[in-house]
Participant: 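To start, I am sharing the structure in question, which I have written as structure tokens.
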Amino acid sequence: MQKPTPDHFPCGALVTNSSRVITYVNSYFTTELLWIPGELIGKSTDVIFTQSSKIFFQTYLIPTLLHEKTCEEMQLIIFNAKGVRIPVTVNAHYSSDGCIYWSFFNASKRDQLYDELIKTRETLEEQAEALKLLASTDELTELLNRREMSYRGSLVLEQAARSQQSVSLLMFDIDYFKKINDAFGHVEGDRVLQELGQKLKAFCRQTDLVARVGGEEFLILLPDTDKTDTLLFCQRLHQLIATVMVDNKPLTVSIGVSIYENKISFTDFYAQADKAVYQAKNLGRNRTELYQTQ
Ligand SMILES: Nc1nc2c(ncn2[C@@H]2O[C@H](COP(=O)(O)OP(=O)(O)OP(=O)(O)O)[C@@H](O)[C@H]2O)c(=O)[nH]1
């Protein structure tokens, strides 16, 4: 069996003295990097390094080696004999015999790996963002869903309790929506819900929370809004909703309003608005009723 030598290793092996003069290269430099040993032996390592690697090599690597005796996983770039840049991972050991023993591992796939890692991370971030959106919004109208409204609404109430701001909650339910579905089909019913969703989004402020919480039930939470402004908002809301036409007739809704006065949970606040909607339906629909404490 042939005696193993450094020529058998799948990496570049190079020996220099402490002044960076090359005294030995294995055959990897010939077969993989296309150098003729005569072009390297007796020359400074500057021959093989790119400008930036040369600076790093001289100012950091050699001083560290002389001091620490060893350096690992240095990311450098060398030239092959044709002038092609090759990223390498370099390990080195400064031996007591005064020689520095170097190994050069080809790291051409390193950049490709980083690119792939970055792409994977971006894809994961996009997917996480999409999942977050799916979990918090109603698919048909793209408004908030019930769970997200309840979560964000609770935060708004906590903030209102601290700053003693007025908050109001509107719940509304489309009038006779079943008739729309029965007469024109579910596709038309869905179109009405979508159009309403778009109009609500455009109509409300960025700080308002707008949600679809049931088939034809919606919630709007108005932070920092008192009773007078809320009732004005409701008037305008009726006008807005009347611009959604079904069979040439304006859509109408029944609105229930609850005004946040004493500290109350979001669930109870919601229940109050729900009671007020019930009242509005009983009193003939297409109107707004305020929740009254008995
Ligand atoms: N197209 C469509 N219809 C839905 C959706 N979710 C619920 N609905 C329908 O909404 C209708 C609600 O009917 P009801 O609860 O009787 O209420 P209404 O007809 O609006 O009557 P009032 O509320 O009393 O004025 C039902 O026909 C449901 O099938 C949906 O996502 N799309």
Side-chain angles (χ1 to χ4, degrees), residues 129-154 168-204 208-222 225 227 230-260 266-294:
E129 206 48 45
L131 274 177
K132 212 167 119 192
L133 199 70
L134 263 183
S136 61
T137 52
D138 163 53
E139 210 179 344
L140 186 69
T141 60
E142 294 175 0
L143 299 174
L144 301 181
N145 62 20
R146 179 193 289 261
R147 190 180 43 185
E148 188 67 11
M149 179 59 148
S150 170
Y151 170 67
R152 292 206 210 169
S154 301
S168 55
L169 183 67
L170 279 61
M171 176 172 175
F172 65 87
D173 184 300
I174 301 174
D175 296 330
Y176 302 118
F177 191 62
K178 188 171 181 312
K179 284 187 184 166
I180 298 174
N181 274 329
D182 290 349
F184 308 105
H186 259 252
V187 174
E188 173 63 1
D190 283 359
R191 185 206 58 80
V192 170
L193 292 171
Q194 276 172 329
E195 185 183 339
L196 181 56
Q198 281 163 10
K199 288 194 163 159
L200 289 174
K201 263 193 195 173
F203 177 70
C204 293
D208 299 337
L209 300 180
V210 190
R212 180 180 175 222
V213 292
E216 18 74 86
E217 288 171 358
F218 296 81
L219 282 184
I220 302 180
L221 188 89
L222 304 173
T225 310
K227 186 171 152 186
T230 301
L231 292 177
L232 197 65
F233 181 94
C234 290
Q235 270 180 28
R236 294 192 183 135
L237 187 60
H238 281 294
Q239 287 164 5
L240 173 88
I241 290 170
T243 64
V244 180
M245 304 300 282
V246 185
D247 193 29
N248 284 324
K249 289 189 203 81
L251 193 71
T252 68
V253 297
S254 300
I255 307 177
V257 176
S258 179
I259 309 281
Y260 181 78
F266 184 79
T267 310
D268 291 345
F269 197 32
Y270 181 2
Q272 289 182 353
D274 192 21
K275 275 190 188 145
V277 173
Y278 186 74
Q279 187 75 354
K281 290 275 181 191
N282 278 343
L283 291 172
R285 296 176 175 78
N286 190 18
R287 58 189 290 136
T288 296
E289 284 302 312
L290 206 58
Y291 172 77
Q292 310 283 357
T293 38
Q294 273 80 39

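First listed ligand is number 1; within each ligand, the first listed atom is number 1.
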Participant: Pairs under 3.5 angstrom, nitrogen or oxygen on both sides, ligand 1 versus protein: list them out, please.
Facilitator:
{"residue": "ligand 1", "atom": "1 (N)", "partner": "Asn181", "partner atom": "OD1", "Å": "3.0"}
{"residue": "ligand 1", "atom": "1 (N)", "partner": "His186", "partner atom": "O", "Å": "3.2"}
{"residue": "ligand 1", "atom": "1 (N)", "partner": "His186", "partner atom": "ND1", "Å": "3.4"}
{"residue": "ligand 1", "atom": "1 (N)", "partner": "Asp190", "partner atom": "N", "Å": "3.4"}
{"residue": "ligand 1", "atom": "1 (N)", "partner": "Asp190", "partner atom": "OD1", "Å": "2.9"}
{"residue": "ligand 1", "atom": "3 (N)", "partner": "Asn181", "partner atom": "ND2", "Å": "2.8"}
{"residue": "ligand 1", "atom": "19 (O)", "partner": "Phe177", "partner atom": "N", "Å": "3.1"}
{"residue": "ligand 1", "atom": "19 (O)", "partner": "Lys178", "partner atom": "N", "Å": "2.8"}
{"residue": "ligand 1", "atom": "20 (O)", "partner": "Ile174", "partner atom": "O", "Å": "3.0"}
{"residue": "ligand 1", "atom": "20 (O)", "partner": "Tyr176", "partner atom": "N", "Å": "3.3"}
{"residue": "ligand 1", "atom": "20 (O)", "partner": "Phe177", "partner atom": "N", "Å": "2.7"}
{"residue": "ligand 1", "atom": "20 (O)", "partner": "Glu216", "partner atom": "OE1", "Å": "3.1"}
{"residue": "ligand 1", "atom": "23 (O)", "partner": "Asp173", "partner atom": "OD1", "Å": "3.0"}
{"residue": "ligand 1", "atom": "23 (O)", "partner": "Lys281", "partner atom": "NZ", "Å": "2.8"}
{"residue": "ligand 1", "atom": "24 (O)", "partner": "Arg285", "partner atom": "NH2", "Å": "2.9"}
{"residue": "ligand 1", "atom": "25 (O)", "partner": "Tyr176", "partner atom": "N", "Å": "2.8"}
{"residue": "ligand 1", "atom": "25 (O)", "partner": "Lys281", "partner atom": "NZ", "Å": "2.9"}
{"residue": "ligand 1", "atom": "25 (O)", "partner": "Arg285", "partner atom": "NE", "Å": "2.9"}
{"residue": "ligand 1", "atom": "31 (O)", "partner": "Arg212", "partner atom": "NH2", "Å": "2.7"}
{"residue": "ligand 1", "atom": "32 (N)", "partner": "Asp190", "partner atom": "OD1", "Å": "2.6"}

Participant: Do Phe269 and Tyr291 have ring centres separated by under 6.0 Å?
Facilitator: no
Participant: Please tell me if the side chains of Leu237 and Val253 come closer than 4.5 Å, counting only heavy atoms from C-beta onward.
Facilitator: no
Participant: Sort and list the pairs that fulfil salt bridge (Lys or Arg N to Asp or Glu O under 4.0 Å) and have at least one residue in residues 238-252, not counting sequence neighbours.
Facilitator: Asp247-Lys249
Participant: What pairs of donor and acceptor atoms, side-chain ones from residues 274-281 against any protein atom, are under 3.5 angstrom apart with sequence neighbours left out?
Facilitator:
{"residue": "Lys281", "atom": "NZ", "partner": "Asp173", "partner atom": "O", "Å": "3.4"}
{"residue": "Lys281", "atom": "NZ", "partner": "Asp173", "partner atom": "OD1", "Å": "3.0"}
{"residue": "Lys281", "atom": "NZ", "partner": "Ile174", "partner atom": "O", "Å": "3.2"}
{"residue": "Lys281", "atom": "NZ", "partner": "Asp175", "partner atom": "OD1", "Å": "2.9"}

Participant: Flag the pair Asn286 / His238 as yes when at least one side-chain heavy-atom distance between them is below 4.5 Å, and no otherwise.
Facilitator: yes
Participant: Which residues pass the salt bridge (Lys or Arg N to Asp or Glu O under 4.0 Å) test with Lys201, sequence neighbours left out?
Facilitator: Glu142
